[in-house]
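Throughout, numbering of the chain's residues begins at 1 and tracks the sequence. Nothing here was measured: the structure is a model prediction, and the numbers come from that model.
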Amino acid sequence: PVCAIYSTFLQRAYDPIINDIALQNLPVLFCMDRSGLSPNDGATHHGLFDISYLRPIPNCMIMAPSDEDELADMIQTGLEYQGPAFVRYPRGEGMGVTVKETPESLAIGRSKRIKDGVEIDIWALGTMLDLGNKLASKLSEHNINAGVVNPRFVKPLDKAAIKKSGKTVKLIVSIEDNVVKGGFGSAISEVLQEEKIACPVESIGWPDKFVDHASTVNELRESQGLDLESILIRVLVAFEKAESKSTEVKIN
């Protein structure tokens with residue numbers, strides 16, 4: 001079975017998701033439209049909580065495509081998965097990429113590195129990948145070598161890649177179209193904590209407040225400091241702190 005539903009409306013089905021599907025590990029695919037912002041629909045229709053409310057549920061696989069071709073691949077992956085699968089994607093047009101005639105099933109829990117990094121790794125989830133690539137370009141103008149990773153999966157996480165990232169760079173930046181609390185950035189921090197890897201994480205996402213309506217997604221991002229220039233400033237400050245701590249450790 002496939003359930004096509006707004007992210008915000010799936011909140012009303014939290015108990016059935018747990019007891020009727022996940023507990024029995026049933027193969028149901030949820031295609032979650034309007035994950036992220038639905039600007040002119042307002043606070044009731046933004047899908048900013050789904051990562052946080054789905055991530056704790058056992059047996060669930062959670063995916064976020066960066067473009068429409070990857071969306072088709074994730075739907076195929078979800079259809080083949082023998083358990084509850086969730087694909088979250090935003091309202092609006094796709095990135096304009098060519099979609100393959102036949103979708104391909106993805107390796108479950110595997111991220112995709114877009115660019116190698118030396119000092120920073122940017123883990124940009126779903127359609128935030130475009131913003132992550134632009135951020136890496138901006139950082140290069142400040143002589144900072146930043147890598148970019150397309151996580152693809154929120155659950156299961158690519159723990160091996162996260163551990164390698166944490167041991168290689170001075171700062172990990174996570175970007176997601178979800179609230180920061182309990183979101184994808186939190187998941188990265190949990191992995192690093194479990195592995196005793198002392199790499200700082202700058203988690204970028206929506207704040208702990210209800211977001212109002214606006215005409216466009218860009219308007220709302222600018223109002224909450226989630227536009228490219230605001231994020232760049234945050235990352236530069238975080239990187240300066242990370243570098244200072246790294247220098248202190250070396251001196252000690």
Side-chain angles (χ1 to χ4, degrees), residues 2-17 28-57 60-75 78 84-97 99 123-135 150-155 174-187 203-231:
V2 178
C3 174
I5 189 169
Y6 287 11
S7 163
T8 186
F9 297 154
L10 191 61
Q11 294 162 187
R12 305 177 188 184
Y14 199 59
D15 183 69
I17 291 171
V28 180
L29 172 60
F30 291 86
C31 296
M32 301 164 63
D33 185 15
R34 283 169 168 77
S35 288
L37 291 180
S38 187
N40 40 16
D41 290 330
T44 56
H45 282 55
H46 298 315
L48 300 178
F49 306 105
D50 55 71
I51 291 175
S52 302
Y53 70 70
L54 291 172
R55 200 165 66 82
I57 304 174
C60 292
M61 178 173 70
I62 309 168
M63 300 172 280
S66 59
D67 57 45
E68 53 269 52
D69 183 55
E70 201 165 62
L71 171 60
D73 289 344
M74 288 183 178
I75 290 173
F86 299 81
V87 184
R88 70 183 311 264
Y89 51 94
R91 171 188 173 184
E93 296 178 357
M95 302 297 292
V97 304
V99 179
W123 287 68
L125 185 67
T127 51
M128 303 302 271
L129 182 61
D130 181 57
L131 185 59
N133 285 323
K134 290 175 180 175
L135 177 61
N150 175 5
R152 290 182 165 179
F153 291 84
V154 174
K155 190 175 182 178
S174 68
I175 310 177
E176 62 191 294
D177 211 3
N178 188 81
V179 291
V180 169
K181 291 187 178 297
F184 177 65
S186 295
S203 297
I204 295 170
W206 293 92
D208 186 22
K209 59 187 288 188
F210 288 108
V211 179
D212 208 349
H213 70 277
S215 299
T216 66
V217 167
N218 287 338
E219 274 184 50
L220 285 175
R221 286 184 179 171
E222 287 172 10
S223 71
Q224 301 299 325
L226 293 178
D227 58 293
L228 179 58
E229 291 302 321
S230 299
I231 290 173

With rounding to the nearest 0.5 angstrom, report the [atom1] to [atom2] distance, [X] to [Y].
| X | Y | atom1 | atom2 | result |
| --- | --- | --- | --- | --- |
| Asn178 | Met128 | CG | CE | 10.5 Å |
| Cys3 | Leu10 | SG | CG | 6.5 Å |
| Glu219 | Asn40 | CD | CG | 10.0 Å |
| Leu54 | Ser7 | CG | OG | 7.5 Å |
| Asp130 | Asn150 | CG | CG | 11.5 Å |
| Ile5 | Arg12 | CD1 | CZ | 8.5 Å |

Might you point out which heavy atoms bring [X] and [Y] nearest each other, and give the distance in Å?
| X | Y | answer |
| --- | --- | --- |
| Pro90 | Asp33 | O-OD1, 3.9 Å |
| Ala13 | Pro16 | O-CD, 3.1 Å |
| Ser203 | Gly185 | OG-CA, 3.6 Å |
| Leu37 | Trp206 | CD1-CZ2, 3.3 Å |
| Val179 | Ser52 | CG2-OG, 3.5 Å |
| Thr8 | Thr44 | OG1-O, 2.7 Å |

So do [Y] and [X] actually touch side chain to side chain, heavy atoms under 4.5 Å?
| X | Y | answer |
| --- | --- | --- |
| Glu222 | Ser230 | no |
| Leu129 | Met95 | no |
| Pro65 | Met74 | yes |
| Tyr89 | Cys31 | yes |
| Leu71 | Ile75 | yes |
| Val28 | Pro84 | no |
| Ile57 | Ile17 | yes |

Over 12 non-hydrogen atoms of neighbours within 6.0 angstrom of NE2 in His45: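 Result for NE2/His45: enclosed.
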
From CA spacing to verdict: side-chain contact (heavy atoms from CB on, under 4.5 Å), Ile175, Leu135: CA-CA 10 Å; Ile175 310 177; Leu135 177 61; 4.0 Å; yes

Can a donor-acceptor pair be found, under 3.5 Å and without considering hydrogens, that links the side chain of [X] to the backbone of [Y]?
| X | Y | result |
| --- | --- | --- |
| Glu176 | Ile204 | no |
| Glu70 | Ser66 | yes |
| Thr216 | Pro39 | no |
| Glu68 | Val99 | no |

Could you tell me whether [X] and [Y] have a side-chain N and a carboxylate O separated by less than 4.0 Å?
| X | Y | answer |
| --- | --- | --- |
| Arg55 | Asp50 | no |
| Arg221 | Asp227 | no |
| Arg88 | Asp177 | no |

Ser38/Arg91 under side-chain contact (heavy atoms from CB on, under 4.5 Å): CA gap, chis, key distance, verdict: CA-CA 6 Å; Ser38 187; Arg91 171 188 173 184; 3.3 Å; yes

Whether Tyr14 and Tyr53 hold their rings parallel, tilted or perpendicular, with breakpoints at 30° and 60°: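 Correct class here is perpendicular.
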
Trace of the side-chain contact (heavy atoms from CB on, under 4.5 Å) decision for Val87 with Met32: CA-CA 6 Å; Val87 184; Met32 301 164 63; over 6 Å; no

Working for ring-ring contact (aromatic ring centres under 6.0 Å, His included), residues His46 and Phe210: CA-CA 9 Å; His46 298 315; Phe210 288 108; 9.8 Å; no

Chi angles and distances behind the side-chain contact (heavy atoms from CB on, under 4.5 Å) call for Phe86, Val154: CA-CA 10 Å; Phe86 299 81; Val154 174; over 6 Å; no

